[in-house]
Amino acid sequence: MHKKIVQEVFLNLLEYGYLERKTMQQYCSLGTDGSVRFLPDRYVEGTCPACSEDGARGDQCDSCGATYEANEILNPKSKLDPEAKIEVRDTEHYFFRLNDFQNSLENHSSERKSKWKPNVRAMTKNWLDMGLRPRAVTRDIDWGIEIPLEGIEWSNKRIYVWFEAVQGYYSCARIWSERYASSTDNPDGIRLWERWWKANDQGVNAKHIYFMGKDNIPFHTIIWPAIIMGLNSPEGIEYISHHVNSNDLLLEDNVSANEYLMLQGGQFSKSRKHAVWLPAYLERYDPDALRYYLTINMPETHDTDFRWDEYVDRVNNELISNYGNFIHRVMTLTHRLPSNGINPLEEYDNPKNFSSYIYEINNYIDEAINSMEKQRFKEALRNIMSISQLGNSLLQEAAPWKYIGADSSESKTNSLSTLALTWRMCSCLAVCLRPFIPFSSDKLWKMLGNENDIDNVLLKNSMNIDSKLYWNSDKPTALFKKLDLENIIKSETSLSNSIDKLDDSVNNGGSDYINFEDFLKVEMKTGKIVLVEDHPNADKLYIITIEDAPDSTRKVCAGLKEYYTIEDLEGLNVAFVANLEPRKLRGITSEGMLLAADDGNGNVKLLTIDGDIIPGSKIR
RNA sequence: AGCGGGUUGGAGUAGUCAGGUUAUCUCGUCGGGCUCAUAACCCGGAGACCGGUGGUUCAAAUCCACCACCCGCUACCA
């Protein structure tokens, strides 16, 4: 079904004139059986036309850094099958005429200027400023979606993934309509998808908001909108527009791209055990604490770092001390008042006296709603947290604890009416925080005794001053428990260790031993580093000259730049593999390999020799 | 090396597109207050020549040029 829709889109765009056919030259390998296989640039290897080094790839040479047209490479060979004959052949492809959409996309992006976040604006602007060019929608491979055209020249080509993948947003709605909606009694039936995808004449359209990592931005601000604009303009180029008319497919309302979240300064990596182990975490801790920190630390405008110490700090201070404690204050104070099964604050409740505070609260809520509509979740959450801060300050001012057991008086009435207001604020906070920290919201909603469904209350109505004050006579409990950094670090460490052991037992469970003869094949020796130079063509590599025997040296490339300075290395006695086949690393031949230890968390330490020994001594 | 992004009080961050009163918020810190609450809460203060240099402008964190450092992806390494 998805295939069918993609093919239909392809045919439509072709019919409307937005696809053009072009001949391009590309390498292909010829099989012995006469089969022809086209090769992407990166599968072609050969001799560099600039420096004559072997091992140049596709359209770029690693040795000298030169770039060139792919068909300039000398002695081209296929990486997949080096024996095969290889030659340049013409191949036909369809290209999507992105350039036709340049103007409309520029208009569209300038309309989005205030909505898009800076990273989205910048990346899109960069693409538009470079000028859009036609982009191939077909390629020479034998897997993927077939090209819906007659003719043998298309039978071993497929639709390019960039063109097809984004259409999933659209195709899934149509698939859903066909499979499920059509069998309901909804009058729109199989056309129900249009409610989400087509503009109607009332001007009340579904909003399309795309969430992604930063690497996906141009696909959602350029390519996918261009495809949609194309589908919306069957009449041809001069009718392309960024305006969405009635019955058109809808364009994005916002593309919300986040940057990357890092862990303790490094990338998250499951294989390196550099990760937060969610299932194990959730067994021990409250999901809301994690949700709070992930939201307040979301990489909305640039990369951010997940750090356990900061996590504990922010959760303890902001979530628990400010919000959690505010709730707890209101609850425990109120429960100290005598109650006959009804809310004891009812008789003091007088929200009309607090219109300026209520105005302020509604202001925070409005700001939060605005922020959320722009997908600025940190800002939204901060605004909501301001409400509990205001609550704390109201309590401080009113000091209801002074009046709990006191006789009736005007000041008691005033003080407890403030407490009643903060009770309403608790309700309000439960609703406002429900999207962020749902579990504690539900818990709070129950403690408040509220009988209506929390999900039926809109944020903008959450500071309700007319509703009844409900009551739950159960003794209130704190929403959160404070976190302890040492415990967390301890359990995280033991966790990743136990995962290590688990992996080791899997990996070494039986036949994975090597025999002694194999081990002896590896010739390890000691050597003394005499000279360290920067590699001219690589960021991480040093060229290290080691004295590998008395009066003999060899050069080895090692990726140690991130971990050692040149001064650190020179003079060290190290261990290296002496009989490794020499290999070229970004243009420099490396004759061996230094031994180093890697803990998987970004720490790398060279193996050094304890004391002096003649260079070239065997290691056994 | 190619492409993209970043640099704002001690830490983290908003504001940069569209230049314009006292540069935002959280934490920390200092002083005071409160004692209901989970050593928590409230009030106030100190602390930033907005990475550097030059330019445009009546006016620059914001625009332009150059430089430095950092990060991500690609490549490579242990």
Side-chain angles (χ1 to χ4, degrees), chain A residues 42 57 60-62 64-67 109-110 112-127 130 213-215 217-218 259-260 262 265-267 296-297 299-305 307 309-310 313-314 316-318 320-322 324-336 376 378-379 381-383 385-386 388-404 419 476-482 535-542 557-563 584-588 590 593-600 602-607:
Chain A
R42 62 198 173 86
R57 282 171 313 115
Q60 194 188 354
C61 170
D62 284 342
C64 66
T67 57
S109 92
S110 70
R112 286 290 179 276
K113 250 197 327 208
S114 61
K115 240 187 215 184
W116 283 349
K117 288 191 292 193
N119 55 348
V120 178
R121 278 200 303 261
M123 180 75 83
T124 307
K125 183 172 186 298
N126 190 47
W127 270 58
M130 285 188 314
K214 59 180 166 187
D215 45 341
I217 293 169
E259 302 286 301
Y260 294 137
M262 314 291 281
Q267 299 164 54
I296 209 73
N297 192 33
E300 286 179 337
T301 54
H302 50 77
D303 295 351
T304 59
D305 201 14
R307 290 201 342 245
D309 55 346
E310 191 193 312
D313 229 42
R314 302 200 72 159
N316 282 350
N317 287 321
E318 299 173 25
I320 304 184
S321 297
N322 174 16
N325 191 47
F326 166 64
I327 303 294
H328 197 54
R329 292 174 91 183
V330 176
M331 289 294 140
T332 50
L333 283 169
T334 307
H335 275 258
R336 283 170 58 191
R376 298 186 184 223
K378 294 161 116 160
E379 202 174 73
L381 189 49
R382 241 182 282 119
N383 271 300
M385 297 305 281
S386 302
S388 69
Q389 198 178 348
L390 175 66
N392 274 319
S393 121
L394 285 172
L395 285 180
Q396 183 71 20
E397 184 76 14
W401 50 88
K402 287 183 184 166
Y403 303 99
I404 296 240
L419 185 58
T477 55
L479 288 178
F480 309 101
K481 258 202 234 101
K482 284 227 174 175
H535 192 295
N537 197 28
D539 283 349
K540 297 185 187 172
L541 300 181
Y542 281 132
C557 293
L560 295 170
K561 251 189 198 175
E562 289 175 62
Y563 314 105
K584 205 171 262 190
L585 296 175
R586 294 196 75 79
I588 305 282
S590 177
M593 185 169 106
L594 298 190
L595 296 179
D598 181 352
D599 71 353
N603 296 310
V604 170
K605 294 287 171 199
L606 269 178
L607 263 59

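Letters A, B, ... are given to chains in the order of the sequence lines, protein chains preceding strands, and every chain is numbered from 1. Remember, predicted model here, so these are calculated numbers, not experimental data.
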With respect to the phosphate group of B:G12, does any side-chain polar atom (N or O) of A:His302 fall under 4.0 Å of OP1 or OP2?
no
Of A:Leu390 and A:Lys402, the one whose nearest nucleotide on RNA chain B sits closer to the 5' end is A:Lys402
Checklist line | Integer angstrom distance from the C1' of B:G54 to that of B:A60 | finding: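 Result for the C1' pair: 14 Å, nearest Å.
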When rounded to whole Å, the CG to C1' distance for the pair A:Leu381 and B:U13 reads 14 Å
Closest of B:C71, B:C36, B:U38 to the A:Asp303 side chain is B:C71
Ranking B:C34, B:U13, B:G72 by distance to the side chain of A:Gln396, first place goes to B:C34
Between CG of A:Leu395 and P of B:U35 the distance, given in whole Å, is 14 Å
Q.
Does B:G15 have its OP1 or OP2 closer than 4.0 Å to a side-chain nitrogen or oxygen of A:Arg376?
A.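 Answer is yes, contact under 4.0 Å.
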Could you tell me how far B:U13 sits from B:U26 if I compare only their P atoms? Round to whole Å. 16 Å
Parsed dot-bracket for RNA chain B after applying the Watson-Crick and G-U rules with both distances under 3.5 Å and | for other-strand partners is ((((((((.[[[..)....(....]]].(((((.......))))).....[[[[[..)....]]]]])))))))....
- Just checking A:Leu607: base, sugar-phosphate only, or nothing, at a heavy-atom cut-off of under 4.0 Å?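 Since no nucleic acid heavy atom lies under 4.0 Å of A:Leu607, the category is nothing.
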>> If I take atom CG in residue A:Leu394 and atom C1' in nucleotide B:C36, what distance separates them, rounded to the nearest angstrom?
In response: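 Whole-Å distance recorded here is 15 Å.
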Touch class at under 4.0 angstrom, heavy-atom based, for A:Met593 against every strand present
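Contact class for A:Met593: sugar-phosphate only.
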When rounded to the nearest 0.5 Å, the distance separating CZ of A:Phe326 from CE of A:Met331 is 9.0 Å
- Item | Spacing of A:Leu394 atom CG and A:Ser388 atom OG [to the nearest 0.5 Å] |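 That separation rounds to 11.5 Å.
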Please report, rounded to the nearest Å, how far the P atom of B:C77 is from the CG atom of A:Leu595.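 Atom CG in A:Leu595 sits about 15 Å away from atom P in B:C77.
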Quiz item: Looking only at heavy atoms, which two atoms of A:Ala398 and A:Tyr403 are closest? And how far apart?
Solution: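 For A:Ala398 and A:Tyr403, the tightest heavy-atom pair comes out as O-CE1, 3.8 Å.
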| Which part of the nucleic acid, if any, lies within reach of A:Phe326 when heavy atoms closer than 4.0 Å are counted: base, sugar-phosphate only, or nothing? |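 The answer is nothing, as A:Phe326 stays clear of every strand by at least 4.0 Å.
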Per-nt protein contacts along nucleotides 25-31 of chain B (heavy atom under 4.0 Å; B base, S backbone sugar-phosphate only, - none) come out as SSSS---
* Distance-only, no hydrogens or angles: does the A:Asp303 side chain make a donor-acceptor pair with backbone N or O of A:Glu259 under 3.5 Å? ->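 Between the backbone of A:Glu259 and the side chain of A:Asp303 there is no qualifying donor-acceptor contact (under 3.5 Å).
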Item to check | Out of B:C36, B:G72, B:C41, whichever nucleotide has its closest atom nearest the side chain of A:Leu333 | outcome: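 Selected nucleotide (nearest to the side chain): B:C36.
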- Item | For A:Asn297, side chain to side chain donor-acceptor pair (under 3.5 Å) partners two or more places apart |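 In terms of side chain to side chain donor-acceptor pair (under 3.5 Å), with neighbours along the sequence ignored, A:Asn297 is linked to A:Tyr293.
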Please state the C1' separation for the pair B:G5 and B:C41 - nearest whole angstrom.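 It comes out at 41 Å once rounded to the nearest Å.
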Between A:Leu606 and A:Leu595, what is the shortest heavy-atom contact and its length?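 Heavy-atom minimum between the residues: CD2-O, 3.4 Å.
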Atom CD of A:Glu379 to atom P of B:A14: distance rounded to whole Å?
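For the pair A:Glu379 CD and B:A14 P, the rounded distance is 10 Å.
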Between P on B:C73 and CD1 on A:Ile217, what's the gap in Å once rounded to a whole number?
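Going from A:Ile217 (CD1) to B:C73 (P), I get 15 Å.
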When rounded to whole Å, the CG to C1' distance for the pair A:Leu419 and B:C36 reads 10 Å
A:Thr301 side chain: which of B:C34, B:A14, B:G72 is closest?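 Of all the options, the side chain of A:Thr301 is nearest to B:A14.
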Closest non-hydrogen atoms of A:Asn322 and A:Gln389, given as atom of the first, atom of the second and distance, are OD1-N, 3.5 Å
Handout entry: B:A48 to B:G10 separation - C1' atoms, rounded to the nearest Å
Key = 12 Å
Separation between CG (A:Leu333) and CD1 (A:Ile404), nearest 0.5 Å, reads 5.0 Å
Residues A:Arg307, A:Asp313: salt bridge by 4.0 Å N-O rule: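 No, A:Arg307 and A:Asp313 are not salt-bridged.
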Rounded to whole Å, the CD-P distance (A:Glu397 to B:U35) equals 13 Å
* Give one of base, sugar-phosphate or nothing for A:Met385, where a contact means two heavy atoms less than 4.0 Å apart. => nothing
Distance in Å, A:Thr332 OG1 paired with A:Asn325 CG, rounded so as to fall on 0.5 Å steps: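 A:Thr332 atom OG1 to A:Asn325 atom CG measures 8.5 Å (nearest 0.5 Å).
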Subject >> Straight-line distance of A:Thr301 OG1 to A:Lys214 NZ, nearest 0.5 Å >> reply: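 One gets 10.5 Å once the value is rounded to the nearest 0.5 Å.
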* Starting at the 5' end of RNA chain B, which residue's closest nucleotide do you reach first, A:Lys378 or A:His328? ->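 That would be A:Lys378.
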Considering only B:G72, B:U38, B:C34, which nucleotide approaches the side chain of A:Ala478 most closely?
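Given the options B:G72, B:U38, B:C34, the side chain of A:Ala478 is closest to B:U38.
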Problem set entry | Nearest-nucleotide pick for A:Glu259, side chain only, options being B:C36, B:G5, B:C43 |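 Taking heavy atoms from C-beta onward, the closest nucleotide is B:G5.
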